[in-house]
Amino acid sequence: MGSRASTLLREEEIEEIKKETGFSHSQITRLYSRFSSLDKGENGTLSREDFQRIPELAINPLGDRIINAFFPEGEDQVNFRGFMRTLAHFRPIEDNEKNKDPTASEPLNSRTNKLLFAFQLYDLDRDDKISRDELLQVLRMMVGVNISDEQLGSIADRTIQEADQNGDSSISFNEFIKVLEKVDVEQKMSIRFLH
Amino acid sequence: MWRRWELVFGALLLASYWGGTRGQDADPSPGTAATPGPPVPVPQPDGPQAFPEPEKANLPMFTMDYGRIQIPFEFTLWVLLASFAKIGFHVYHKITIWIPESCLLIVIGLVVGGIMHAVKEEPPAVLDSNVFFLYMLPPIVLENGYFMPARPFFENTGTVLWYAVVGTLWNSVGIGLSLYAVCQIEVFGVQDINLQENLLFASIISAVDPVAVISVFEDISVNEQLFIVVFGEGLFNDAVTVVLYNMFTFVADMPVVESSDVFLAMARFFVVGLGGLLFGLLFGVAGAFTSRFTNNVRSIEPLFVFMYTYLAYLVAELFAISSIMAIVVCAITMKSYLEENVSQGSCTTIRHVVKMLACISETLIFFFLGVVTVTTDHEWNWAYVLFTLLFAFVWRGLGVLVLTQIINPFRTIPFNFKDQFGLAYGGLRGAICFALVFTLPDNINRRSLFVTASIAIIIFTVFIQGISIRPLVEYINIRRTNNKHQTINEEIHTRLMEHTISGLQDLCGQWSHYYWKDKFMKFNEHVLRRILIRDNRAESSIVALYKKLELQNAIELLDTSLGDLSAAPSLVSLTDEKKASSRPKKTFLMGDVRKMRDNLSKNLYKINQRTTAWTNKDGLHENRQAREILIRRHHTIRRSVRMGSFRDQVRHRFNSIPKSQRYYSLQPGMNLESALPLRRTSHDSSRIAFLIIPSFFYVPNPNPRQTPKPSDEKARSDIVEMKEGRLRAVQPPPSPRSSSRSFTGRLGTVKEATPRPPSPGLDVIHESPVSSRGPRAKGPLPTPRRSLFHRVQGGEEGDKQQQEEKEEEEELSVELQGEAGDVPQPPPLPPPPGWVPENQQSHRAGDPLLRHSSQGSRGSSRF
């Protein structure tokens, strides 16, 4: 599979992905070989099942949400382009990117996009708000069994109260940004992709 | 206190003499167990002599032979005493947070030593060179090797080896030469220590022992890179130190050292290291291979780990190559394969025993250190000891600084100064250092000075650095994996991000990031795993996952104690959502919020990170988290099978979509309609009948044209057997048919629906979910959902559903139906995460899934 991997990826494709995502050539080929080793069906796309076969993801409390994030709305398969586009959110912001001309469109790995990614992990119904219910679901996934439902409920209440500014009992994306403004999102939402 | 000790001991001695002589009198033949000489090596001036030998006796009523049991007896007492001490420390939990356990053990050792000194008792001669190298050292190293967090280690191999090998050499040579220089100064009176001996001593004290540091680092969850470097350095520099130690003890004997010897020594260094690696690999592979065949002798399974690793150690020792290297490599090699082969129980046993042995060894050494400190005669030379301390500190600091400058350009994430400080300051000396110096041969002329200086440096580093490292590291705020956060929002969202990152890293398989690693992984996948693992299924992770679930009997646990986890939010959801606006704003007191946050941060799942898993001495409970998560996901999946996802309620607008075709993991915002045609076209058919079982145990056949491999066959027949076991076989077993078909084919089974009138049997099935859900609809199951369910089911979907079911029934899941209709038994296994769109049968299949743990565990024994 690996030997096939490098041959199948055409140069121009790499160039396009490079332009779109900012990954380096070697990163792209490496991720492509990972992509094709995950692709058990060998049809150039990944399905949910392909993702779910990764054992570590199975014990990641947010495994399903993460997997979902790879699939654009309504889609059932993700191709390499889409795969890379999602991963591009997690590319560290490099120094030379910071002071690029502001007129260019925002790169996928900008702080806002990173935050949006996290936000959408909560926002199941895509209404651009984290409702108490959505928050509770995620909390339930992330919290051990020693914490009771009431406790969790009040935690969720408190969380929303903390962030909520316009009094609609939910967290909008702007409120989400506001509440995390002190957090080093750039670092927290970055992976060092290997070359 | 000591009086009582003496009394007890005196009594023992008396008794032993009495018994011995009595035995001799009674049986004069020379071969008896009672030896004529005084069996107790501990000289006790009073006692036996004061007691007149009894004249004559015919048959001993009561005999005692202390000499016979002395060594194991004293050993047991020592271990017991040390273990009691350990219990003692943990009674008051806070002590061990601020003071490393090794400190406490040394203190206890000092106290016991003081007592023994007061009664003029010699310390038991448990620690000599052979005992140490053959019995005490292997468990410690085995533990380190076995619990080495493999992945971060392989990601940082270069750095780890760099610090361990070069750093240790640097320290040894640096300290040795500086001390030699100091020795030239006449005032200090240590001119007689020559260069070789200085180097030997320096090599001993460059062995850092990171146990105390690791527990601190783990507690404050320091960043992974630093952690693994400290951990790995501690492990491998033991190997380097022992090699150097052996080399220098040899060299110390030689009157003249020529330059060729230096080169020979260097060459030997590599031979020793690589030889150890080779033997380790050899025995590791052999061990893994053996474990393939142990499935019928589960009770001795754990033994193989110990025997093979110990064998590796001994054989390496035999050839005088690095036995530490051998045992570590053996453990690392064997572990990953072996743990897949052995049963869950054996796996746990192995882990516990490895921990336990290491713990005993280390406790004894520290304990003994305390005793020896008090009881031996020291040769105290201020200058030498102080300079040793100084140089150890300086060279360590310099070493880290210089080595980091060299390695940093090669690292993706360079070490900053804080990391370097942590690395340098974490250079505590410990058990190995003491043991090495204590087992120095007697022909080293200033042996006692070396012992004294080593004890001084150990006690200094363990006490001063060990205690101060936590506050210091916290003070300088070294990079951590997760910090404390100010608001609950930050806490939650940061944790979410961290889980996401960890998940994505797993997803990207950062494992295999270099060419050679890719190659190795491929080799591993295609060759090694086939040979070394019994049921080498590519899907083993899912099966393993399922195995875990079954073994834990988790379903019942969850249903009873936790309520319905996944349902909890949704229960609140509908009602709360509606009155959300009307809900009065609760006000939280500051204290409450703080308590809430503490509670939350304590209970939030740790990031899926392998470093912290097994390094903690007492931490064998890590599995719990993974298990909980698995159970929950399992649970959620079943729930979604049972009645569609709870999310269905949130969005009524999707009610028109057949529930059958919903993903568990599909986001509600997604357009299901568009998802489905896609799948349909991909299968080129109008209706899909996905099967639960095949998808679960779907064994991807790398080459579909080939006939299934034996392992596939086996897996399949297992499934069939298991199903049958569950079934109370009403229907004829479908095995011949199902096994003749390729799994790949089965997964994608697509059939045109042939409308058929519902059979009476199906009605039964239809009823079953409702009726069997009834009693368990406690708590979290909201009623509106059920009505929703009915509506959908009762509607036009009903017919289609029945057709599907009919079709199913024909297709493969004959037994499912029989079971659901006949006995309210669960169908086979609930789905894995690798879930495909559920078919219509999910409504009935999902429900009886509850309460089948007894059967599940029966079935699972096959997997």
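Note that the structure is predicted; figures quoted are calculated from it, not measured. In what follows, chains carry the letters A, B, and so on, assigned in the order in which the sequence lines appear, proteins first and then strands, with residues in each chain numbered from 1.
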Task: A/Glu15 and A/Lys19 ion-paired at < 4.0 Å - done: no
Task: Electrostatic pair A/Arg81-A/Glu16, nearest N-O below 4.0 angstrom - done: yes
Task: Proximal component of A/Leu46, with respect to chain B [non-hydrogen, under 4.5 Å] - done: neither
Open item on the list: Heavy-atom pairs under 4.5 Å with chain B: which of A/Phe119, A/Phe51, A/Phe176, A/Phe83 has the most?
Closed with: A/Phe176
- [ ] Name the member of A/Ile66, A/Val138, A/Asp50, A/Asp127 that forms the most heavy-atom pairs with chain B at distances under 4.5 Å.
- [x] A/Ile66
TODO: Could you pull out the closest heavy-atom pair between B/Met497 and A/Ala118, with the gap in Å?
DONE: CG-CB, 4.3 Å
Open item on the list: So, taking the atom named CZ in A/Phe35 and the one named CE in A/Met84, what distance separates them when rounded to the nearest 0.5 Å?
Closed with: 10.0 Å
